[in-house]
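Because only heavy atoms are used, hydrogens play no part in the values below, and waters and symmetry mates are left out as well, while side chains stay in.
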Amino acid sequence: MKKEVKIKIVEVLKREGLFYPEIEDKIKVETPKEESYGDLATNVAFLLTKHLKQKPQDIALNLKTILEKEPIFSKVEVVNGFINLFLSENFYHQVVKKAVLEKDRFGESLDKNRGKINIEYVSANPTGPLHLGHGRGAVVGNILSNMYSYIGYKVEREFYINDAGNQIKKLGQSVYARFRQIEEPDYPFPEDGYHGEYIKDIAKEIYHYEREKILSMLSEEDAIDFCAEYAKNYLLDKIKEDLKLINVEFDIWTSEKHLYEHGKVEAALNFLNSKGLIYEKDGALWLKTSLYGDEKDRVIKKSDGSYTYFAADIAYHYDKYERGYDFIINVWGADHHGYFPRLKAAITAFGVSENWINVVFIQLVKLFKDGQEVKMSKRSGDFITLRELVEEVGKDAVVYFFASKDPDTHLNFDIDVALAKSNENPVYYVQYAHARISSVFREAKEKFGFDPESDFEADLSLLTQEEEKSIMKFLSTLPEDIEEATLKNQPHKITNLTYELASRLHKYYYQHKFLIENDENLLKARLYLLKAVRNALRTLFKLMGITPVERM
RNA sequence: GCGCCCGUAGCUCAGCUGGAUAGAGCAACGGACUUCUAAUCCGUAGGUCGCACGUUCGAAUCGUGCCGGGCGCACCA
C-alpha cells in the first residue's frame with residue numbers, strides 16, 4: 001500500500017509541476033507512530049523546502065488541498081509539516097478479504113519469477129554435533145530463505161560440507177585412536193584430536209561392524225581414511241537429524257572433497273593464473289587479492305603442496321556463480337568477518353560484481369540459566385548442543401528466540417524465560433493468539449452451529465471499532481513490511497511483526513465479544529476478521545517454522 | 001596497532017539509507033475473570049539514546065575523535 005500511495009504522490013507532484021527527480025528516492029510513506037497521525041504519513045513537504053524556498057508547513061498545506069481531491073484518501077491533515085493521510089474504508093475491507101482468501105500465504109508474491117538465489121547456511125564441519133551457534137545460523141538461514149521465497153524468488157538452500165581438510169583428517173585419527181584403545185587402552189590419542197564422547201561411540205560402532213576389515217588393512221593410513229569417511233557420514237546423518245528437529249532442510253549438499261575430485265579447484269586456479277593473478281613466493285602460491293580490495297595477498301597453495309581452505313572456497317563460489325544465481329547470501333559466524341574481503345576479492349577477480357555475494361553474520365549465543373551464564377568451551381567438549389537445548393525448551397522456543405534478535409547482535413538465550421509458561425515468554429504470547437482464535441472457532445461451530453472454516457461472506461462495514469481498525473491497518477502493510485525486512489536481510493522483523501499482530505488480537509479479544517447471539521451480521525463480520533488474523537498469523541508462523549497450536 | 005560488530009529504561013532488546021513527544025516486553029507498583037481460555041487486558045512509574053565536537057530546517061540515526069565490551073587480523077578451517 002505504501003508503494004501505491006507513493007506513486008500517487010509522485011503523480012500528483014508531477015501534475016502540479018512540483019516534481020524534482022532528486023527527491024523521488026527520499027519521499028517516504030510510512031505508518032506514523034501515533035494513530036491520530038493518520039494511516040500513512042509522508043515527508044514530501046520537507047524535501048521541497050529547498051526547491052520552493054518555503055517552510056515545510058506552508059508547502060504541506062498547499063499539497064493538502066490538492067491531495068484531498070484524490071479518492072483513495074478519505075482525509076488529509078497537516079501537522080508540523082508532515083502530511084497525514086487517511087485511507088478510505090473500502091480499501092481496508094479489500095485487505096481483509098485478501099487475507100481470508102489467501103489462507104496461510106497471505107500477501108505472498110504470486111509472481112515466482114523474481115529471480116533465482118542461493119542461500120548457504122550452517123555449513124558446519126562434520127566433526128561433531130551442532131552447537132548453539134550453528135542452530136542460530138540454521139534458523140536465520142531458514143527464515144531468510146522462506147522470506148525470499150515469499151517475495152517471489154526461487155531459493156536454493158545449500159549446505160557446504162568441509163570434508164577435505166585437516167579437520168577431517170584429525171577426525172579420522174581421533175576415531176582410529178579410540179578404536180585401537182578398545183583393545184589397547186594405552187594406544188596414544190592425538191594431541192589436538194576431538195575429545196567428545198561421540199568419538200568413542202563412533203569407534204565402538206566401527207569396532208562392532210568393521211573390526212576385521214580395519215585390522216586386515218595393511219596400512220594405518222588407509223584405516224584412518226576409512227575411519228574419517230565413516231565418521232563423517234555418521235556425523236552428517238546426526239547433523240541432518242538435529243536440523244530436522246527445528247524444521248530446517250536443504251536442497252543442495254556440496255562436498256568440498258568433490259570439488260577437488262571433479263577438478264573444480266584446479267580449473268578455478270588455472271583461470272586466475274591465466275589472468276596473471278597468481279605468483280610464487282617462499283615456496284607457496286599466492287593470489288593477488290590485494291588488487292581487489294583485500295589488505296594483502298593470500299596463499300592458495302601451501303609450500304607442502306596442499307591447497308588452503310581458501311582455494312577450495314574460491315572454486316566453490318565460482319561454481320555457484322556458474323549456476324546462474326542472481327545473487328547469493330552466505331550466513332556465517334561473526335568470527336569469519338575478516339575472511340569476507342578476501343573471498344569477495346577473489347570473486348571479483350573472476351569479473352563478478354561484488355554485489356553478487358552477500359554475507360549475513362551471526363553473532364555469539366550466550367546461554368543463561370538460573371540467572372547465570374552457562375559457560376561453554378568447545379575445546380574441553382563441554383558445551384550444550386542444539387539437540388540438548390531443543391529437548392530442554394522445545395522446538396518453537398528455540399526457533400523463536402534464535403530468530404528474535406538482529407543476527408548481527410549478541411544473543412542471550414535465557415532458558416528460564418524459554419521455559420516459562422507465562423507472559424514472560426513471547427513464544428506463548430504469539431501462540432496463544434492463534435489458539436484463542438481456534439478456540440472461538442470451535443465454540444462458534446459447537447454452540448452457534450456456524451462453522452467459520454466454511455466459505456462465507458460478511459458485511460465488513462460493521463467493523464467500526466478502534467481495535468478492528470487497528471488490526472486492519474496492520475494487515476494492510478504486513479506484506480510490504482515482510483518484503484522490506486527480506487530485502488534488508490532482517491529475519492528478526494518477522495518475530496516483531498508476529499508479536500505486534502498477536503498483541504492487537506489480544507486487545508481486540510479482551511474488549512469485544514465475537515460470539516454475538518442476536519446479531520448474525522456482526523457475528524459473521526467479526527469472525528471474518530478473526531479468520532484474516534489467523535491466516536496472517538499462520539503466514540508468519542510458517543515463515544519462522546513455528547507450529548500454530550490449536551489449543552493451549 | 002589495524003578492521004568489523006555492539007553501547008538506547010533496573011534487565012532483554014526494537015528503532016539507525018535523518019523526521020513528529022525516543023518505543024516494546026520483562027521486572028516493580030496499582031487495577032480487571034457471573035464473558036468466546038486471565039498463558040490475557042488496562043493503568044502508573046522508569047531515559048544525559050556511552051562521551052564530545054561537527055554536518056542542517058531537524059541527529060538515537062550521518063561524519064570525526066575519544067571511552068567501554070565482543071570478535072577477527074595464519075602457508076587453520
Side-chain angles (χ1 to χ4, degrees), chain A residues 25-26 28 30 32-34 37 41-43 45-47 49-50 55-57 79-82 84 123 125 127 162 164-168 170 192 256 281-286 295-296 298-310 312-313 333-341 361 363-364 366 368 371 401 404-406 408-414 417 420-433 435-444 446-448 488 490 492-493 495-496 499-500 502-503 505-516 526-527 530 551-552:
Chain A
D25 289 340
K26 291 183 175 177
K28 272 193 181 177
E30 53 191 7
K33 297 170 198 168
E34 289 272 340
Y37 288 146
T42 177
N43 63 340
F46 294 94
L47 303 173
T49 49
K50 276 182 194 158
K55 288 180 194 160
Q57 179 75 5
V79 181
N80 300 334
F82 284 90
N84 299 329
S123 297
N125 288 348
T127 55
N162 303 132
N166 285 330
Q167 304 304 318
I168 290 291
K170 225 185 275 174
D192 51 355
E256 181 183 6
K281 193 181 88 179
D282 305 330
L285 289 182
W286 297 68
E295 56 188 17
K296 61 177 193 175
R298 306 290 175 174
V299 171
I300 47 171
K301 193 173 191 178
K302 299 179 240 177
S303 52
D304 68 3
S306 64
Y307 289 106
T308 58
Y309 172 85
F310 183 43
D313 216 19
D335 53 345
H336 288 76
H337 68 243
Y339 180 76
F340 189 35
F361 290 104
Q363 295 287 346
L364 278 177
K366 282 187 186 174
F368 287 79
F401 283 104
S404 64
K405 302 291 181 312
D406 185 330
D408 210 356
T409 60
H410 296 269
L411 174 69
N412 293 333
F413 193 106
D414 191 324
V417 171
K421 292 198 171 182
S422 72
N423 48 3
E424 257 187 280
N425 193 337
V427 183
Y428 283 92
Y429 187 86
V430 299
Q431 284 186 327
Y432 188 40
R436 272 189 147 165
I437 297 173
S438 304
S439 171
V440 172
F441 283 12
R442 281 194 300 271
E443 285 290 309
E446 285 168 26
K447 302 225 171 91
F448 285 70
K488 288 171 156 177
Q490 296 181 319
H492 64 288
K493 293 279 174 65
T495 59
N496 295 351
Y499 196 93
E500 179 63 31
S503 166
L505 185 275
H506 285 312
K507 277 173 192 162
Y508 183 32
Y509 184 97
Y510 192 81
Q511 288 298 330
H512 302 284
K513 232 182 138 161
F514 307 121
L515 302 177
I516 305 146
R526 290 193 171 164
L527 290 181
L530 280 197
R551 59 178 87 225
M552 293 172 70

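For the pair Phe340(A) CZ and G3(B) C1', the computed distance is 14 Å after rounding to whole Å. Atom pair Lys513(A):NZ and U34(B):P shows a separation of 13 Å (rounding to whole Å applied). Distance Met552(A) CE to A38(B) C1': 13 Å, rounded to the nearest Å. The CG-C1' distance, from Asp408(A) to G7(B), rounds to 14 Å in whole Å. Rounded to whole angstrom, the span from the OH atom of Tyr499(A) across to the P atom of U12(B) amounts to 17 Å. One can place CD of Glu295(A) at 16 Å from P of G1(B), the figure rounded to the nearest angstrom. The interatomic distance linking Asp414(A) (CG) with C13(B) (P) rounds to 11 Å, in whole Å. One can place OH of Tyr510(A) at 7 Å from P of C33(B), the figure rounded to the nearest angstrom.
Straight-line distance between the P atoms of A27(B) and G63(B): roughly 38 Å, to the nearest whole Å. Comparing the same atom, C1', in C73(B) and in A28(B) gives a spacing of 46 Å after rounding to whole Å. Separating the P atom of U61(B) from that of U55(B) is a span of 15 Å, rounded to the nearest Å. Nucleotides A20(B) and C33(B) are separated by 39 Å at their C1' atoms, to the nearest Å. If you take atom C1' in G50(B) and the same atom in U17(B), they sit 24 Å apart, rounded to whole Å. For G25(B) and C41(B), the P atoms lie 8 Å apart once the distance is rounded to whole Å. Going from the C1' atom of C49(B) to that of U35(B) covers 43 Å, rounded to whole Å. Between the P atoms of G65(B) and G3(B), the separation comes to 9 Å (whole Å).
Residue Tyr429(A) places no side-chain N or O under 4.0 Å from the OP1 or OP2 atom of A24(B). An OP1 or OP2 oxygen of C42(B) is reached within less than 4.0 angstrom by a side-chain nitrogen or oxygen of Lys507(A). The phosphate of A39(B) has neither OP1 nor OP2 within less than 4.0 Å of any side-chain N or O from Arg436(A). Put simply, Thr409(A) has a side-chain N or O that comes within less than 4.0 Å of OP1 or OP2 on A14(B).
The ring-ring contact (aromatic ring centres under 6.0 Å, His included) check on Phe413(A) picks up Phe401(A), Phe402(A), with sequence neighbours excluded. Residues that satisfy the side-chain contact (heavy atoms from CB on, under 4.5 Å) test with Lys513(A), not counting sequence neighbours, are absent from this structure. Residues passing the ring-ring contact (aromatic ring centres under 6.0 Å, His included) test with Phe82(A) are Phe46(A), sequence neighbours excluded. The side chain to side chain donor-acceptor pair (under 3.5 Å) check on His506(A) picks up Arg436(A), with sequence neighbours excluded. With sequence neighbours left out, the ring-ring contact (aromatic ring centres under 6.0 Å, His included) criterion links Phe514(A) to Tyr508(A), Tyr509(A). Qualifying side chain to side chain donor-acceptor pair (under 3.5 Å) partners for His336(A), counting only residues two or more places apart in sequence or in other chains: none. Every residue meeting the side chain to side chain donor-acceptor pair (under 3.5 Å) condition with Gln431(A), not counting sequence neighbours, appears here in chain and number order: Asp396(A). Residues satisfying the side chain to side chain donor-acceptor pair (under 3.5 Å) test with Asp408(A), not counting sequence neighbours, are Gln363(A).
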Give each protein N/O atom lying under 3.5 Å from an N/O atom of nucleotides 9-11 of chain B, with the pair distance.
none

Under 3.5 Å, which protein N or O atoms sit close to an N or O of nucleotides 68-71 of chain B? Give each pair with its distance.
from, atom 1, to, atom 2, distance (Å)
C71(B), O2, His337(A), NE2, 3.4

Please write out the pairs of protein N or O atoms and N or O atoms of nucleotides 15-19 of chain B separated by less than 3.5 Å, giving the distance to one decimal.
from, atom 1, to, atom 2, distance (Å)
G15(B), OP1, His492(A), NE2, 3.4

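Annotation for Arg526(A) and Ile516(A): closest pair NH1-CD1, 3.8 Å, computed over non-hydrogen atoms. Nearest approach of Ala433(A) to Leu505(A), heavy atoms of both residues: O-CD1, 3.7 Å. In terms of heavy-atom proximity, Ser404(A) sits nearest to Thr495(A) at CA-OG1, 3.3 Å. Here the shortest heavy-atom pairing between Phe310(A) and Val299(A) reads CD2-O, 4.1 Å. Shown here for Asp192(A) and Lys170(A), the closest heavy-atom pair between the two residues is O-CD, 2.9 Å.
Within the nucleic acid shown, Phe310(A) has no heavy atom closer than 4.0 Å to any nucleic acid atom. Residue Thr308(A) is classed as a sugar-phosphate contact, given heavy-atom separations below 4.0 Å to backbone atoms only. Residue Asn84(A) is classed as a base contact, given a heavy-atom separation below 4.0 Å to a base. Within the 4.0 angstrom heavy-atom criterion, no nucleotide atom of any strand lies near Ala444(A). No engagement by Arg298(A) is indicated, since no non-hydrogen atom pair under 4.0 Å with the nucleic acid exists. Note on Lys296(A): only backbone sugar-phosphate atoms sit closer than 4.0 angstrom, heavy atoms only; bases stay farther off. Contact annotation for Ala433(A): no contact, since no heavy-atom pair falls under 4.0 Å across all strands.
The 5' end of RNA chain B is approached more closely, in terms of each residue's nearest nucleotide, by Ser404(A) than by the other of Glu443(A) and Ser404(A). When each of Arg442(A) and Gly283(A) is assigned the nucleotide of RNA chain B with its nearest heavy atom, Arg442(A) is the one assigned upstream, toward the 5' end.
Judged by distance alone, with hydrogens and angles left aside, the side-chain atoms of Asn425(A) form a donor-acceptor pair with the main-chain N or O of Val427(A) at under 3.5 Å. The backbone N or O of Lys301(A) lies less than 3.5 Å from no partner atom in the side chain of Thr308(A), so there is not a single donor-acceptor pair.
In this structure, the side chains of Leu527(A) and Phe441(A) come closer than 4.5 Å at one or more pairs of heavy atoms.
Among C13(B), C36(B), A77(B), the nucleotide with an atom closest to any side-chain atom of Tyr509(A) is C36(B).
Counting only Watson-Crick and G-U wobble pairs whose two key distances fall under 3.5 Å, RNA chain B forms stems of three or more stacked pairs at B:1-7 with B:67-73, B:10-13 with B:23-26, B:28-32 with B:40-44, B:50-54 with B:62-66.
Taking the O4'-C1'-N9-C4 or O4'-C1'-N1-C2 dihedral as appropriate, C33(B) has a value within 90° of 0 and is therefore syn.
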